[in-house]
Amino acid sequence: MRKNNIDHTIFWPSISLIIIATVLLVSFRDTAGPVISSMMTGITFRLDWAFEFLTIGLFIILLWLMFGRFGRVKLGNPEDTPEFSRFSWGGMLFCASMGTSIMFWSIVEPLHYYTGPPFGIEGKSVESAEYAVSYGLFHWGISAWALYALPAVVMAYSFFVRKNPSLKISAACRGVLGKHADGFLGKAIDILVIWSMIGGLGTSLGLGVPMVAAVLGNLIGVEPSLWLNIVIIIIWTFIFSSSAYFGLYKGIRKLSDWNVYLALGLALFIIVVGPTLFILSYFTNSFGLMLDNFMKMSLYTDPINQGGFPQAWTVFYWAWFAATAPFIGIFVARISRGRSIRELVSNVLLWGSAGSWLYFGVFGGYAMDLELNTPLDLTGILDAQGGPAVIVEVLNSLPLSVLVSIFFVILGFIFLATSLDSASYVIASVATKELQDQKEPARWHRLLWGVLLSVLAISLTIVGGLDVVQTSSVLVAVPVLIMYALMSMSLVKWLNEDEGKHHFVKIKKSRRK
């Protein structure tokens with residue numbers, strides 16, 4: 001593969017922004033922290049309606065794409081076939097998107113809903129227990145993946161059909177922006193996207209490293225500490241940098257395959273050795289509640305009581321997912337050559353939702369069984385010691401707890417790596433001038449972003465500024481609202497302009513004359 005030149009107008013401003021913004025946020029974190037948190041609260045309360053209508057609107061657009069006349073449009077040339085098996089493809093899109101976040105929140109989140117439920121329900125009641133997992137299924141299900149699917153479709157159409165020679169969000173907005181996509185506005189969009197990726201990775205680190213440190217510390221009899229966190233980041237950096245260095249085909253795909261096997265194995269183990277009937281019955285009930293209340297959950301803002309539940313959870317999640325969606329969209333688009341629009345949309349929604357539902361159903365169900373039916377007070381541990389301590393207690397309650405904890409730590413390392421090797425690949429792609437004919441960003445370029453991310457993570461861990469950078473990145477979700485509108489309008493315009501020129505995926509069904 002030919003060596004690709006970096007786009008200096010994106011590369012250097014992005015690095016400069018990351019360094020300057022991080023230094024300022026960390027240097028003034030005592031004053032910046034409350035200001036940024038206040039801004040985040042203001043956004044979630046004042047734009048709750050916008051984020052909720054955005055999510056529902058995207059879902060409607062995606063249904064139109066799946067079932068409308070453009071569903072069979074091929075993302076590529078007539079001779080193009082999918083580059084990856086359906087298993088590897090689905091594994092990469094899920095692992096890149098979720099990371100260790102799903103490992104952490106599938107256990108901890110239902111406990112929060114049990115003690116602080118929505119709709120004015122009394123905490124720690126029978127009704128709040130019924131909603132504990134159902135709200136997790138909602139937050140990590142179809143709506144969340146709709147936020148990822150739309151950018152993926154637009155990017156794939158731009159790259160494989162319109163032949164725009166770059167994997168940049170500015171290119172996906174070209175249908176509306178025109179020549180401005182190559183000017184200052186387009187560069188600003190791409191730099192903003194890279195900042196949102198850095199923050200999204202910071203969130204994965206902020207959840208994943210303390211969780212893995214707590215479990216690892218419990219295994220070896222060491223208290224979690226700053227140095228343990230740094231060692232974990234160094235090991236993780238070696239894994240994901242190696243994967244990113246070997247590229248999409250030899251590195252990222254294989255690591256994602258292993259990730260899926262390990263994740264499925266751990267979930268199956270808990271179903272078998274845990275309270276099997278309770279987990280299955282509880283998931284079924286929770287899934288029914290989620291489906292029955294889908295629209296209520298989707299548009300719930302609580303304007304009269306103003307309890308703050310939808311703003312603290314639903315709207316924050318939509319903002320967080322929206323901020324990281326350009327990164328996921330670019331990566332999923334890159335691995336989707338030769339597939340149809342219908343196939344891309346349906347698989348992102350179904351693969352992603354099924355994986356999330358499996359984890360919340362199994363791990364959330366098991367955690368709630370421990371809370372409701374055993375003496376183990378997980379909600380008390382959560383309040384007193386935090387989420388990582390809850391993870392340790394849940395793992396220790398399982399048979400063969402030492403082996404399970406070792407397995408969990410390995411899975412945590414790989415989950416972190418699969419998210420972050422994908423991210424370094426995407427950031428390098430955005431900062432590369434052109435990518436065509438199955439070319440990849442230069443190896444040194446991918447590795448550079450991996451090293452930069454690890455140095456940034458270690459620095460923020462040492463000085464304690466990770467939370468501020470995480471929160472600041474979610475603020476990017478506000479301009480991303482406009483990006484969604486630009487991408488949607490660009491796609492509709494392109495589809496109509498190209499009608500009659502499209503290549504269609506053939507239906508695999510023989511017909512005799």
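For reference, positions follow the sequence shown, starting with 1. All values below come from the heavy atoms of this structure, side chains included, with hydrogens, waters and symmetry mates left out.
- Evaluation of the side chain to side chain donor-acceptor pair (under 3.5 Å) test over residues 262-285, restricted to residues two or more places apart or in two chains, returns none.
- One finds the OG atom of Ser353 at 11.5 Å from the CG atom of Asn347 (value rounded to the nearest 0.5 Å).
- Once rounded to the nearest 0.5 Å, the distance linking CG of Leu358 with OG of Ser106 reads 9.5 Å.
- For the residue pair Trp140 and Glu109, a side-chain donor N or O sits within less than 3.5 Å of a side-chain acceptor on the partner.
- Between Glu83 and Arg339 no salt bridge is recorded (no basic side-chain N to carboxylate O distance below 4.0 Å).
- Trp89 places no side-chain N or O within donor-acceptor distance of the main-chain N or O of Phe84, the cut-off being under 3.5 Å.
- Pairs engaging residues 42-71 under the salt bridge (Lys or Arg N to Asp or Glu O under 4.0 Å) rule: Arg69-Glu499 [sequence neighbours left out].
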Q.
Let's go through Tyr135 and His112 carefully: what are the C-alpha distance in whole Å and the side-chain angles of both, what is the deciding distance for side-chain hydrogen bond (donor to acceptor under 3.5 Å, both in side chains) to 0.1 Å, and is it a yes or a no?
A. CA-CA 11 Å; Tyr135 238 101; His112 281 288; over 6 Å; no
Please list every donor-acceptor pair under 3.5 Å in which a side-chain atom of residues 380-390 meets a protein atom from a residue at least two apart or in another chain.
none

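- Within 6.0 Å of the CG atom in Leu277, the count of heavy atoms belonging to other residues, nucleotides or ligands does not exceed 12.
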Q.
Set out, in order, the CA-CA distance, both residues' side-chain angles and the distance that settles side-chain hydrogen bond (donor to acceptor under 3.5 Å, both in side chains) for Trp318 and Ser143, then state yes or no.
A. CA-CA 8 Å; Trp318 294 172; Ser143 299; 5.7 Å; no
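- Note on residues 210-228: pairs passing side chain to side chain donor-acceptor pair (under 3.5 Å), not counting sequence neighbours, are Asn218-Asn396.
- In this structure, Phe51 has no ring-ring contact (aromatic ring centres under 6.0 Å, His included) partners at least two apart in sequence or on a different chain.
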Q.
Test side-chain contact (heavy atoms from CB on, under 4.5 Å) on Ile341 and Lys74; report intermediate values, then the result.
A. CA-CA 7 Å; Ile341 289 178; Lys74 175 179 278 193; over 6 Å; no
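- Under a 3.5 Å cut-off, the side chain of Tyr300 and the backbone N or O of Phe119 do form a donor-acceptor pair.
- Every residue two or more places apart in sequence or in another chain that forms a salt bridge (charged side-chain N to carboxylate O under 4.0 Å, His left out) with Asp80 is listed here: Arg337.
- A distance of 11.0 Å separates CD1 of Ile234 from CG of Asn229, quoted to the nearest 0.5 Å.
- With sequence neighbours excluded, the residues forming a side-chain contact (heavy atoms from CB on, under 4.5 Å) with Phe407 are Leu262, Leu266, listed by chain and number.
- Remark: Tyr261 engages Phe87, Asp257 in a side-chain contact (heavy atoms from CB on, under 4.5 Å) (not counting sequence neighbours).
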Q.
If you apply the rule side-chain hydrogen bond (donor to acceptor under 3.5 Å, both in side chains), what do you find for Glu122 with Ser128, and how did you get there?
A. CA-CA 7 Å; Glu122 183 183 351; Ser128 70; over 6 Å; no
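- Not counting sequence neighbours, the partners of Phe70 by the ring-ring contact (aromatic ring centres under 6.0 Å, His included) test are Trp64, His502.
- Here Phe331 contributes atom CZ and Ser336 contributes atom OG; the two are 9.5 Å apart, rounded to the nearest 0.5 Å.
- Residues Arg342 and Arg72 meet the side-chain proximity criterion, which asks for heavy atoms closer than 4.5 Å.
- Applying the ring-ring contact (aromatic ring centres under 6.0 Å, His included) criterion to Phe45, with sequence neighbours excluded, gives no partner residue.
- The distance from atom CG of Leu395 to atom CG of Leu400, rounded to the nearest 0.5 Å, is 12.5 Å.
- Under the ring-ring contact (aromatic ring centres under 6.0 Å, His included) criterion, Phe287 pairs with Phe283, Trp357, sequence neighbours left out.
- Checked by atom type and distance alone, the side chain of Thr115 pairs as donor or acceptor with a backbone atom of Leu111 at under 3.5 Å.
- Between the side chain of Ser401 and the backbone N or O of Ser397, no donor-acceptor pair lies under 3.5 Å.
- The distance from the OG atom of Ser405 to the CG atom of Leu398 is 8.0 Å, given to the nearest 0.5 Å.
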Q. Checking side-chain contact (heavy atoms from CB on, under 4.5 Å) for the pair Ile271/Tyr366: CA distance, chi angles, key distance, verdict?
A. CA-CA 9 Å; Ile271 291 175; Tyr366 181 68; over 6 Å; no
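- The side-chain contact (heavy atoms from CB on, under 4.5 Å) check on Thr44 picks up Met40, Gln311, Val315, with sequence neighbours excluded.
- Remark: Arg86 fails to qualify as a cation-pi partner of Trp351 under the 6.0 Å distance and 45° angle criteria applied to the six-membered ring.
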